[in-house]
Amino acid sequence: MKELFTEIIKEGQKNRQIRQDLPTEDLVESLIIMYMGIEYKWEMYLIDNMISTFEDNFNLQWEKIRFRE
């Protein structure tokens with residue numbers, strides 16, 4: 001998962017879709033932690049809609065890392 005997220009982040013930075021002032025490693029770790037937290041919540045608390053929870057959390061993350069001119 002780490003390699004996949006790293007590739008996605010680097011490609012996004014290259015295409016000016018993701019901020020370049022944040023280290024790739026930090027962004028990857030943040031996404032992994034987010035994903036693991038949602039998966040844990042889904043397994044432990046049996047949330048009804050994992051997709052909705054993932055999308056909500058991803059949108060919050062995206063607002064922090066998206067490229068701004």
For Lys2, all residues meeting salt bridge (charged side-chain N to carboxylate O under 4.0 Å, His left out), sequence neighbours excluded
Glu25
What residues, two or more places apart in sequence or in another chain, satisfy salt bridge (charged side-chain N to carboxylate O under 4.0 Å, His left out) together with Glu11?
Lys14
Go through the structure and list residues passing side-chain contact (heavy atoms from CB on, under 4.5 Å) with Asn57, not counting sequence neighbours.
Met34, Ile38, Thr53
What residues form a side-chain contact (heavy atoms from CB on, under 4.5 Å) with Glu63, not counting sequence neighbours?
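Arg66, Arg68.
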Rounded to the nearest 0.5 Å, how far apart are [atom1] of [X] and [atom2] of [Y]?
| X | Y | atom1 | atom2 | value |
| --- | --- | --- | --- | --- |
| Asn15 | Phe67 | CG | CZ | 11.0 Å |
| Thr24 | Gln13 | OG1 | CD | 3.5 Å |
| Leu31 | Ile8 | CG | CD1 | 8.5 Å |

Indicate, with yes or no, if Ile18 and Leu60 share a hydrophobic cluster defined by side-chain heavy-atom contacts under 4.5 Å among Ile, Leu, Val, Met, Phe, Trp and Tyr.
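Different clusters.
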With side-chain contact (heavy atoms from CB on, under 4.5 Å) as the test, pick out the partner of Val28 among Thr6, Leu4, Ile33.
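Testing each of Thr6, Leu4, Ile33 against Val28, the sole residue satisfying side-chain contact (heavy atoms from CB on, under 4.5 Å) is Thr6.
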side-chain hydrogen bond (donor to acceptor under 3.5 Å, both in side chains) against [X], all qualifying residues, sequence neighbours excluded:
| X | result |
| --- | --- |
| Arg19 | Asp21 |
| Ser30 | Gln61 |
| Gln17 | none |

Just do the side chain to side chain contact (heavy atoms under 4.5 Å, CB included) check on Leu27 and Phe5 with the steps written out, would you?
CA-CA 9 Å; Leu27 296 175; Phe5 283 152; over 6 Å; no
I'd like to know whether CD of Glu39 has more than 12 heavy-atom contacts from other residues, nucleotides or ligands below 6.0 angstrom.
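Yes, CD of Glu39 has more than 12 neighbouring heavy atoms, counting only those of other groups under 6.0 Å.
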